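The structure displayed is predicted, hence computed values, not measured ones.
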Amino acid sequence: FSQEFESWVAALEVANGLKPKLKSWFKEIRILEDGEVVWIYGKTHAHPQYIGPGTYNRLARRFMAETLALEAEAAGVDPAEFEEAENEEDASTRD
């Protein structure tokens, strides 16, 4: 099975959905970025593995940016305005 995705969020959702279907100890679910493996899950791992230095942090930031963009799109506002509103809301809850 091989599929291409436009976003990290979409690839991760599909990969996580495939986890329960993984029955063989000899098969893995992999996400590649520019032809390089960045995420891998198999029966031999308790949790998904992020491959390469700084990969987890880079992909976490990308996940947050894509999620904010999707939420902004759903709300019908510019992503920059949506992020500013989120930051203002966070600041008001800290007071």
Side-chain angles (χ1 to χ4, degrees):
F1 171 75
S2 178
Q3 187 173 351
E4 290 190 23
F5 297 92
E6 292 291 321
S7 74
W8 168 247
V9 173
L12 192 58
E13 285 176 355
V14 170
N16 283 326
L18 291 172
K19 283 188 209 176
K21 298 175 184 171
L22 190 64
K23 304 293 183 203
S24 173
W25 286 88
F26 303 105
K27 298 213 182 233
E28 299 173 324
I29 300 167
R30 297 177 178 202
I31 298 177
L32 287 77
E33 182 179 57
D34 299 326
E36 299 291 323
V37 175
V38 293
W39 185 95
I40 190 167
Y41 177 80
K43 289 284 194 179
T44 57
H45 306 296
H47 302 285
Q49 306 293 306
Y50 291 85
I51 310 300
T55 300
Y56 178 83
N57 289 336
R58 182 175 50 80
L59 293 176
R61 284 191 301 273
R62 188 169 168 188
F63 180 84
M64 293 299 295
E66 289 179 9
T67 301
L68 283 174
L70 289 171
E71 288 180 5
E73 184 180 310
V77 297
D78 179 44
E81 292 175 18
F82 188 80
E83 190 171 337
E84 287 173 12
E86 287 284 311
N87 291 338
E88 288 174 10
E89 185 177 306
D90 288 344
S92 68
T93 57
R94 282 187 238 137
D95 295 336

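Hydrophobic clustering, with ILVMFWY side chains joined whenever heavy atoms are under 4.5 angstrom apart, groups Val14 together with Leu22. One hydrophobic cluster holds both Val9 and Leu18 under the rule that ILVMFWY side chains link at heavy-atom gaps under 4.5 Å. Leu12 and Tyr41 fall within the same hydrophobic cluster, defined by Ile, Leu, Val, Met, Phe, Trp and Tyr side-chain heavy atoms under 4.5 Å apart, directly or through other members.
With sequence neighbours excluded, no residue forms a ring-ring contact (aromatic ring centres under 6.0 Å, His included) with Phe5.
The salt bridge (Lys or Arg N to Asp or Glu O under 4.0 Å) contacts involving residues 5-24 comprise nothing, where partners must be two or more places apart or lie in separate chains.
Atoms CH2 and OG1, from Trp8 and Thr67 in turn, are 11.5 Å apart once rounded to the nearest 0.5 Å. The CG atom of Leu59 sits 11.0 Å away from atom CH2 of Trp39, with the distance rounded to the nearest 0.5 Å.
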Which atom pairs, donor and acceptor, lie under 3.5 Å between side-chain atoms of residues 26-37 and protein residues at least two apart or in another chain?
{"residue": "Glu28", "atom": "OE1", "partner": "Arg30", "partner atom": "NE", "Å": "3.0"}
{"residue": "Glu28", "atom": "OE1", "partner": "Arg30", "partner atom": "NH2", "Å": "2.7"}
{"residue": "Glu33", "atom": "OE1", "partner": "Arg58", "partner atom": "NH1", "Å": "2.7"}
{"residue": "Glu33", "atom": "OE1", "partner": "Arg58", "partner atom": "NH2", "Å": "3.1"}
{"residue": "Glu33", "atom": "OE2", "partner": "Arg58", "partner atom": "NH1", "Å": "3.3"}
{"residue": "Glu33", "atom": "OE2", "partner": "Arg62", "partner atom": "NH1", "Å": "2.4"}

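The environment of OH in Tyr50 is crowded: more than 12 heavy-atom neighbours from other residues, nucleotides or ligands sit within 6.0 Å.
Residues His47 and Gln49 come closest through the heavy atom pair O-NE2, 2.9 Å.
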